[in-house]
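Shown next, in structure tokens, is the structure this report addresses.
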Amino acid sequence: QGTVRWTPAPRADLGLTTHYALYLSGSAEGSGGSRTFLDSVNVGSDEFTLPSGRYCERGARFLVIFARNPVGDAATASAWHELHACTYTTTLTTQTITTREGDTSTSATSRTTKTQTTTTQTQTVTSVTTRSRSVTQLTFVDTDHRPYQIGGAIVQWVPPADASGVTDYQVYLAADAVGSHRARLWYANPQNSDDFSNVFPVGTNTFHLYNPTRRQTTSPSHPATWLLVLTHGPGGRQPIEEAAKIPIY
């Protein structure tokens, strides 16, 4: 029981945001199915009172806030607060990931036990090199804080370790992480203002979004919330599920 208060960022791009949605969650990101909806408050409100008798159900120990519009919640949480009154113990089992193109894999096992006052953690990681076609360390820096406007934003990535099978990159705005309603972005040659293409040549690892560019997809009712970068080569375009991606809202 208690009252949580927040302050919106002074130059936040709230876009179509109409409410703040509050959840109890097992993670600070509020991802997956381990969250429980509490309530939503209108934009303009900056506090919410937790009702008495609320427990840390299903291992939830974080209060997370999502921006919400008529389409749904934002892709990532806007803010979170750890509820220190919750005592819990969790175990993460071994997970093995194998790339589509190679026979190598990376696996890690970790076990974490935490109470209100103490935390202990042991971790063992074994990894080997994989032959991934994906770019890494994708970043997006919005330089225009007006609603819906992202023209001039800086996009940057690190090329694949082995780019021998890559001829170019394709960059998209999408409504979600799986590429729904994706709209393809254009490349403007910095050496030639008349040279525009929807193909980003190999060697292009950073660029500014064409100005003006709106935060939109091919669907007027689904604003862009993710940016995806895919590699392309003689064998075709990289599958969407393997794309490098980052939330932009």
Side-chain angles (χ1 to χ4, degrees), residues 13 31 74-76 95-108 125-144 148-220 222-249:
D13 182 359
S31 59
T76 56
Q95 181 182 28
T96 301
I97 302 173
T98 304
T99 61
R100 174 185 288 269
E101 296 186 36
D103 298 326
T104 56
S105 63
T106 300
S107 63
V125 178
T126 303
S127 63
V128 292
T129 303
T130 61
R131 293 185 298 147
S132 173
R133 289 175 55 190
S134 300
V135 304
T136 58
Q137 299 181 41
L138 177 62
T139 61
F140 174 93
V141 179
D142 191 358
T143 58
D144 189 336
Y148 312 117
Q149 300 296 328
I150 54 175
I154 304 169
V155 180
Q156 190 170 9
W157 63 77
V158 174
D162 180 7
S164 58
V166 178
T167 58
D168 56 80
Y169 304 107
Q170 298 178 7
V171 184
Y172 295 87
L173 292 176
D176 52 36
V178 296
S180 301
H181 309 291
R182 58 186 176 272
R184 195 163 173 178
L185 295 179
W186 286 75
Y187 168 75
N189 188 339
Q191 308 301 323
N192 183 351
S193 59
D194 295 325
D195 182 11
F196 289 90
S197 172
N198 59 7
V199 170
F200 290 73
V202 168
T204 304
N205 302 318
T206 182
F207 70 96
H208 290 260
L209 286 186
Y210 179 76
N211 200 354
T213 296
R214 288 179 59 83
R215 188 167 60 82
Q216 63 186 20
T217 65
T218 55
S219 170
H222 291 80
T225 57
W226 286 79
L227 184 136
L228 288 72
V229 177
L230 297 95
T231 57
H232 179 261
R237 190 190 67 188
Q238 181 183 32
I240 287 290
E241 59 268 21
E242 296 179 9
K245 59 196 71 173
I246 186 171
I248 62 174
Y249 167 73

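Just so you know, residue 1 is the first one in the sequence shown, and it goes up from there. Quantities reported herein were computed from a predicted structural model and do not represent experimental measurements.
- When side chains are defined from C-beta on, Ser180 counts as touching Val178, because their heavy atoms get closer than 4.5 Å.
- Gly165 and Pro234 get closest at one heavy-atom pair: O-CD, 3.6 Å.
- Distance check: Arg133 CZ to Ser164 OG gives 10.0 Å after rounding to the nearest 0.5 Å.
- Scanning all heavy atoms of the two residues, the minimum distance from Pro159 to Tyr169 falls at CB-OH, 3.5 Å.
- Residues Gln216 and Ala183 approach most closely at O-CB, 4.2 Å, considering heavy atoms.
- In terms of heavy atoms, Asp176 sits closest to Leu228 at O-CD1, 4.2 Å.
- Ring planes of Phe200 and Phe207: tilted class, angle from 30 to 60°.
- Here NE2 of His232 is found 5.5 Å from CG of Asp168. Values are rounded to the nearest 0.5 Å.
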message = Under the criterion side chain to side chain contact (heavy atoms under 4.5 Å, CB included), I'd like the reasoning laid out for Asn198 against Gln170: C-alpha separation, chi angles, the key distance, then a yes or no.
response = CA-CA 7 Å; Asn198 59 7; Gln170 298 178 7; over 6 Å; no
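- In terms of heavy-atom proximity, Thr143 sits nearest to Gly151 at OG1-O, 3.8 Å.
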request  = Give the C-alpha distance, both sets of side-chain angles, the deciding distance and a yes or no for side chain to side chain contact (heavy atoms under 4.5 Å, CB included) between Arg182 and Ile240.
outcome  = CA-CA 11 Å; Arg182 58 186 176 272; Ile240 287 290; 3.8 Å; yes
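- With rounding to the nearest 0.5 angstrom, the CZ atom of Arg214 is 14.0 Å from the CG atom of Leu209.
- Considering only heavy atoms from C-beta on, Leu138 comes within 4.5 Å of Leu227 through its side chain.
- Atom CD1 of Ile150 sits about 4.5 Å away from atom CG of Leu173, to the nearest 0.5 Å.
- Test Trp186, Tyr187, Tyr210 against Phe196 for ring-ring contact (aromatic ring centres under 6.0 Å, His included) and you get one pass: Tyr210.
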